[in-house]
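One structure is given here, and the rest of the page talks about it.
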There are 2 protein chains.
Amino acid sequence: MHGDMIIRITKYYRILHKLKSLGLERVFANNLGDAAGVNATVVRKDFSLLKIIGQKRGGYEIDNLIASLDKILGKDKPQEAIIVGCGRIGGALMRYRGFASDGIKIVAGLDINTHVCDEQECPIPIYPLEQLEEIVKKKNIQVAILTVPEQEASDLFRRLCEAGVRGFLNFTPIGLKASKDEEDKHIIIHNVNIALELEQIFYELNISDNHML
Amino acid sequence: MHGDMIIRITKYYRILHKLKSLGLERVFANNLGDAAGVNATVVRKDFSLLKIIGQKRGGYEIDNLIASLDKILGKDKPQEAIIVGCGRIGGALMRYRGFASDGIKIVAGLDINTHVCDEQECPIPIYPLEQLEEIVKKKNIQVAILTVPEQEASDLFRRLCEAGVRGFLNFTPIGLKASKDEEDKHIIIHNVNIALELEQIFYELNISDNHML
DNA sequence: TTTATTAAGTGAAACTGTTCACATTAACTA
DNA sequence: TAGTTAATGTGAACAGTTTCACTTAATAAA
Ligand SMILES: NC(=O)c1ccc[n+]([C@@H]2O[C@H](COP(=O)([O-])OP(=O)(O)OC[C@H]3O[C@@H](n4cnc5c(N)ncnc54)[C@H](O)[C@@H]3O)[C@@H](O)[C@H]2O)c1
Ligand SMILES: NC(=O)c1ccc[n+]([C@@H]2O[C@H](COP(=O)([O-])OP(=O)(O)OC[C@H]3O[C@@H](n4cnc5c(N)ncnc54)[C@H](O)[C@@H]3O)[C@@H](O)[C@H]2O)c1
C-alpha cells in the first residue's frame, strides 16, 4: 500500500461528503486535489490504484466515489471500539463527541475502578475489567483504545488479543509489538506517543535553527 | 532528512539512558538495533549520516553517544511548552507526569476559563487567554500544544505564530497549515488526529479481511 | 609478529512512493 | 463530420530510504 494514501483517502472522503451536502454530483481530480492539499495527479493515481474509474472529461461521480471509499475504508460495517483504562485521557476520549461524525462509536469503557466517570456527563457505560472477555465477545469488538498505566499495557494487550481484538490504538509509551503468533492474526497497532511528538517538534526546531546560522 | 530516522534516534536515546543506568559504558550497533527493533546496519547508517563515529571492534561509547544525541535532539536547551485550551485533553496533558522524564516541561496553560483546573491536582498555572502574548514573550516559549475547540484553532494558531511560537502539537481535527509568510519562519506543525488514527485502523483491518478471503 | 576475528563504515543496488509526460477518450464546436 | 478541448489514465522517470555487500580498522590469539 502506498504510504500516505490512506490519509489522503480519508481526506477525500470527508471532502466528498461536504461537496455532496452542497448538492454537487460530480467532482474533478483537480478540485479534490485542491481541497485535500495535493496535486491532481496524485488523486488520479490513487484512484487508479484503487480501481476507481471516472469519466474522461466528466470527472468522478460523487455517489459512486463515496460508495467505493465506504467499502475501502470499511464504513459499510459498524465501526465500534472500546476504551480500556478510563482515566485522564481515556476519560477525555469517552466524553468526546467528535467520533460520531466519522461513523465511529465507542461502545464501552473498561476499568479496574468503575466509578471513574459520573453517569451524567459520560453516556457510555464503564464495566469492571473482569467483564472484558464477555463484552468483547458479546459485542464482537474488533478495536480497543489502550489508555491504562504503562506497566499494565503489555498484559492487557495480550489479554485483548486473546479475547479477539485485532486493532489497537495505544496511548501508552510502551511500544507494543505483536508476537509471531499474533502476527499471523494480522493485529494492527497504532501508537500515539505524545511525548515523542513533542520531542520531534523540538528536534525539528533545533535542526532548522542550526541550519540558519 | 531520512524519513523515520528521528523516531529511531529518540528510541536509541531512551535505550542508551537505560543502558547507562545499568552501568554499561559502550554499546554495539547490534544490541542497540535489537533493542530498537531495527537492523544493526540501520543503526550504523544513522550514526554515519549524523557523523557520529564509534570504534572499530569497540562499539560506541555511551556517554559520547548520549552527548551527541542530546545536541541533535536539542536536549541541551530547555524544552518548554504551553497548553492552549485546558479542557478534557488539554487538562489530561497538564496533569500528565510522564513528560518530565523526557526533559519536556509544560510551563503554563492558557484558557478563556481559568477555573477549569483545581489548584491541588494541577500544579501548572492556568492563565487567561489575554496574557498569551505576554507569557510567550516572557518565558520565550517556542512550542504550544493546541487543544481548543476546532472552530478556535486557526485563529489561535495565527495568534500564537504572531507571538513567536514556532512549534505546534495540534489535537484539533483542523489541518493547520503555515501560510507563505509563516513558511519562511520554519513553523513546525504536528497533527495528532485521533479519529483519523481509528479510521486507519478500521481500514487496515478491513483490507486484511478482504485479502484473506 | 602473523593470522583471525569482530564490528564499524560506506558506496552502490534495490525498493518504494511520487511526479512527469503523454496517450486516451468523451464532449463540445463549427 | 472533423477538429478542438478538457479531463482521465498510466507507464516511466525520478527521488528518497533502506538494505546489501564489501572494505577498513582494531583487537585478540597463535
Ligand atoms: N494523560 C496524558 O496526558 C498522557 C500523555 C501521554 C501518554 N499517556 C499515557 O496514557 C496512559 C494513561 O494515562 P492517564 O494519564 O490517563 O492515566 P490515569 O492514571 O489517569 O488513567 C489510567 C486508568 O487506567 C485504570 N487502570 C489501571 N489499571 C488497569 C487495568 N489493569 N485494567 C484496566 N484499567 C486499569 C485506572 O483505574 C485509571 O482509570 C499512560 O500509559 C500514560 O503514560 C498519558
Ligand atoms: N477529547 C477528545 O477525546 C478529543 C479527541 C480528538 C480530538 N479532540 C479535539 O481536541 C480539541 C479539544 O477537545 P476537548 O474534548 O478537550 O474539548 P473541551 O471543550 O473539553 O476543551 C476545550 C477547552 O478550550 C477552552 N477554550 C475555548 N475557546 C478558547 C479560546 N479561544 N482560547 C483558549 N481556550 C479556549 C475551553 O474553555 C475548554 O477548556 C477539540 O478540537 C477536539 O475536536 C478531542
Side-chain angles (χ1 to χ4, degrees), chain A residues 1-12 15-16 19 24-69 72 175 177 200 203-204 207-208 211, chain B residues 1-13 15-16 19 24-69 72 175 177 200 203-204 207 211:
Chain A
M1 171 60 44
H2 284 38
D4 291 343
M5 187 164 109
I6 313 175
I7 295 169
R8 290 197 299 269
I9 293 171
T10 59
K11 276 189 191 161
Y12 302 152
I15 294 161
L16 287 169
L19 294 177
L24 296 201
E25 289 180 8
R26 11 181 77 301
V27 65
F28 301 125
N30 231 303
N31 310 134
L32 208 43
D34 286 347
V38 300
N39 193 285
T41 56
V42 175
V43 176
R44 286 203 288 273
K45 192 63 157 184
D46 283 342
F47 289 173
S48 167
L49 292 167
L50 292 169
K51 309 259 177 290
I52 292 173
I53 54 168
Q55 286 134 56
K56 300 266 161 87
R57 211 193 154 118
Y60 300 86
E61 263 183 48
I62 290 181
D63 279 336
N64 284 354
L65 211 42
I66 288 178
S68 298
L69 296 186
I72 289 159
K177 247 185 90 180
Q200 284 182 39
Y203 166 79
E204 287 167 34
I207 294 202
S208 91
H211 274 243
Chain B
M1 171 58 46
H2 285 39
D4 291 343
M5 189 165 109
I6 312 174
I7 296 170
R8 290 198 299 270
I9 293 172
T10 59
K11 278 190 190 161
Y12 302 152
Y13 187 80
I15 294 161
L16 286 168
L19 294 177
L24 296 201
E25 289 181 8
R26 10 181 79 293
V27 63
F28 301 124
N30 232 302
N31 311 134
L32 207 45
D34 286 347
V38 300
N39 192 286
T41 54
V42 175
V43 177
R44 286 201 288 270
K45 192 63 154 186
D46 283 342
F47 290 172
S48 167
L49 292 166
L50 292 169
K51 307 262 178 289
I52 293 173
I53 55 168
Q55 286 133 55
K56 301 264 163 89
R57 208 189 156 122
Y60 299 85
E61 262 183 49
I62 290 180
D63 279 336
N64 283 354
L65 212 41
I66 288 178
S68 299
L69 296 186
I72 290 160
K177 246 185 89 180
Q200 285 183 39
Y203 165 79
E204 286 167 33
I207 295 203
H211 274 245

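What's counted below: heavy atoms across the whole structure, side chains too, no hydrogens, waters or symmetry copies. Per chain, numbering begins at 1; letters A, B, ... match sequence-line order.
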Exercise for the section: Flag the pair A:Asn31 / A:Ile15 as yes when at least one side-chain heavy-atom distance between them is below 4.5 Å, and no otherwise. Expected result: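 Sidechains of A:Ile15 and A:Asn31: no contact.
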Which value, rounded to the nearest 0.5 Å, describes the distance between [X] atom [atom1] and [Y] atom [atom2]?
X: B:Leu16; Y: B:Tyr60; atom1: CG; atom2: OH; result: 11.0 Å
X: B:Leu50; Y: B:Tyr12; atom1: CG; atom2: OH; result: 9.0 Å
X: A:Lys11; Y: A:Ile9; atom1: NZ; atom2: CD1; result: 12.0 Å

Could you state the atom-to-atom distance from [atom1] of [X] to [atom2] of [N] in whole Å?
X: A:Ile53; N: D:dT8; atom1: CD1; atom2: P; answer: 13 Å
X: B:Ile7; N: D:dT17; atom1: CD1; atom2: P; answer: 12 Å
X: A:Asn64; N: D:dT8; atom1: CG; atom2: P; answer: 15 Å
X: B:Ile52; N: C:dA8; atom1: CD1; atom2: P; answer: 13 Å
X: B:Asn39; N: D:dT17; atom1: CG; atom2: C1'; answer: 14 Å
X: B:Met5; N: D:dT17; atom1: CE; atom2: P; answer: 10 Å
X: B:Asp4; N: D:dG16; atom1: CG; atom2: P; answer: 16 Å
X: A:Asp34; N: D:dA7; atom1: CG; atom2: P; answer: 12 Å

Exercise for the section: For B:Leu24, look at atom CG and say whether over 12 heavy atoms of other residues, nucleotides or ligands are found less than 6.0 Å away. Expected result: yes
Problem - Earlier contact from the 5' end, DNA chain D, for A:Gly54 and A:Arg57 - result: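 Upstream on the strand: A:Arg57.
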Problem - Donor-acceptor pair (no angle test) under 3.5 Å: B:Lys51 side chain, C:dG9 base - result: no
Practice task
Could you check whether B:Tyr60 gets within reach of a base, just the sugar-phosphate, or nothing at all, counting any heavy atom under 4.0 Å?
Solution key: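 Result for B:Tyr60 = sugar-phosphate.
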Problem - Touch class at under 4.0 angstrom, heavy-atom based, for A:Ala29 against every strand present - result: sugar-phosphate
Exercise for the section: Please figure out whether A:Val42 or A:Lys56 has its closest DNA chain C nucleotide nearer the 5' end. Expected result: A:Val42
Exercise for the section: Among D:dT18, C:dA21, C:dG9, find the nucleotide with the atom closest to the side chain of A:Thr41. Expected result: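 So the side chain of A:Thr41 is nearest to C:dA21.
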Exercise for the section: When you get a sec, tell me which of C:dT19, C:dA7, C:dG11 is the closest nucleotide to the side chain of A:Lys45? Expected result: C:dT19
Practice task
Would you tell me if any nitrogen or oxygen in the side chain of B:Arg44 comes within less than 4.0 Å of OP1 or OP2 on C:dT6?
Solution key: no
Handout entry: Short side-chain N/O contact from B:Ser48 to OP1 or OP2 of C:dG9, under 4.0 Å
Key = no
